[in-house]
Amino acid sequence: MNWTIYGMECVGALILFTCLIMISLCKNPVWWIHDYPKDIQEKYFETHERIPTEVLSAPVFLKKGFAVLLALSILTALALAAGATDFKTGFLYAYGLWLLVDWYDCFFLDWVLFANVKRIRLPGTEHMDKAYHQKKYHVVRSVIGMALGLVPCLLCALIVAVLG
């Protein structure tokens, strides 16, 4: 496996992830409402129409399902481009990249950026500084993301083993 390519792909993945999240948040922060803490959601719904935010609701399930399929496609292409040729290398590559993005999302995007940039807060919740600075909420979601990431990463490893 080529570590230079892997490093460049890690940087590229962080840039791509940041762009996808920030562009959609700036255009419509409500699109990601299911990822906001419950107290922020409830405050928002006091003045806006309630929409499904439960994990197994159709809109959330479709968004998360699409994201997992997109991640699987990207991880597989990147693993193959970096030279992964067997199951173990494919899994370690994919899960390493998944963890990098997951931790970046938690520790930078959630803890630093989203907690402090009022433009991407839900309308009517801009004043809820304490609620936006909930670190434990984002750590728990990150751990869930780490577990969820096993599925596309194992599938990526399987595809790499077959194609590599």
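When a residue number appears, it is its place in the shown sequence, counting from 1. Model, not experiment: these values are computed from the prediction.
- Looking at L80 and T85, their side chains never come closer than 4.5 Å, going by heavy atoms from C-beta outward.
- Scored by the side-chain contact (heavy atoms from CB on, under 4.5 Å) test, F91 finds Y95, L150, C153, L154, A157 as partners (sequence neighbours excluded).
- P123 approaches V30 most closely through the heavy-atom pair CD-CG2, 4.4 Å.
- Between E126 and K43 there is no salt bridge, since no side-chain N of the basic residue sits under 4.0 Å from a carboxylate O of the acidic one.
- L148 and L109 fall into different hydrophobic clusters, where Ile, Leu, Val, Met, Phe, Trp and Tyr side chains are chained together by heavy-atom contacts under 4.5 Å.
- Using a distance-only test at 3.5 Å, with no hydrogens or angles considered, no donor-acceptor pair links the side chain of T89 to the main chain of D86.
- Residue pairs satisfying the side chain to side chain donor-acceptor pair (under 3.5 Å) criterion with at least one member in residues 8-26, sequence neighbours excluded, are listed as follows: E9-Y93, T18-Y104, S24-W32.
- Between W111 and V139, some side-chain heavy-atom pair lies under the 4.5 Å cut-off.
- Side chains of H133 and N116: a donor on one and an acceptor on the other come within 3.5 Å.
- Between the side chain of D102 and the backbone N or O of W98, no donor-acceptor pair lies under 3.5 Å.
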Test side chain to side chain contact (heavy atoms under 4.5 Å, CB included) applied to L97 and L75, step by step: CA-CA 8 Å; L97 191 53; L75 289 170; 3.6 Å; yes
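- The neighbour count for K88 NZ, taken as heavy atoms of other residues, nucleotides or ligands under 6.0 Å away, does not exceed 12.
- Side-chain N or O atoms of R121 include none that pairs as donor or acceptor with a backbone N or O of P29 at under 3.5 Å.
- A chain of hydrophobic side-chain contacts below 4.5 Å, direct or via other Ile, Leu, Val, Met, Phe, Trp or Tyr residues, connects V117 to I21.
- Separating the CD1 atom in I23 from the CG atom in N28 is a distance of 14.0 Å, to the nearest 0.5 Å.
- The two residues L72 and C156 have their closest heavy-atom pair at CD1-N, 3.5 Å.
- For residues 61-74, the pairs satisfying side chain to side chain donor-acceptor pair (under 3.5 Å) are D35-K64, with sequence neighbours left out.
- Cluster membership for V160 and I74, using ILVMFWY side-chain heavy atoms within less than 4.5 angstrom, is not shared.
- Of the possible polar contacts, one joining the Q134 side chain to the A131 backbone as a donor-acceptor pair under 3.5 Å is found.
- Between I5 atom CD1 and L78 atom CG the span is 10.5 Å, to the nearest 0.5 Å.
- Within a 6.0 Å sphere centred on CZ of F107, heavy atoms belonging to other residues, nucleotides or ligands number more than 12.
- With a 6.0 Å radius and a threshold of 12 heavy atoms from other residues, nucleotides or ligands, L56 has its CG atom at or below the threshold.
- Counting heavy atoms from C-beta outward, R141 and C106 have side chains that stay 4.5 Å or more apart.
- The structure places CG of L122 at 5.0 Å from CD1 of I33, a figure rounded to the nearest 0.5 Å.
- Within the 3.5 Å criterion, the main-chain N or O of Y36 finds a donor-acceptor partner in the side chain of Y137.
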Would you sort out whether F17 and D105 count as a side chain to side chain contact (heavy atoms under 4.5 Å, CB included), showing the intermediate values? CA-CA 9 Å; F17 184 77; D105 181 36; 3.8 Å; yes
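- Both L14 and L99 are members of a single hydrophobic cluster when ILVMFWY side chains are connected at heavy-atom separations under 4.5 Å.
- Looking at heavy atoms from C-beta onward, I120 lies in side-chain contact with F114 at the 4.5 angstrom threshold.
- By the neighbour-count criterion of 12 heavy atoms within 6.0 Å, atom NZ of K130 is sparsely surrounded, having that number or fewer from other residues, nucleotides or ligands.
- A distance of 10.5 Å separates OG1 in T125 from CD in Q41, rounded to the nearest 0.5 Å.
- Residues T53 and S57 form no side-chain contact, since every pair of their non-hydrogen atoms from C-beta on lies 4.5 Å or further apart.
- Between the OG1 atom in T47 and the CZ atom in F45 there is a gap of 10.0 Å [rounded to 0.5 Å].
- Put simply, the side chain of L113 reaches to within 4.5 Å of the side chain of M22, judged on heavy atoms.
- The structure places OH of Y132 at 9.5 Å from NE2 of H138, a figure rounded to the nearest 0.5 Å.
- F66 and I51 fall within a single hydrophobic cluster, where Ile, Leu, Val, Met, Phe, Trp and Tyr side chains are chained together by heavy-atom contacts under 4.5 Å.
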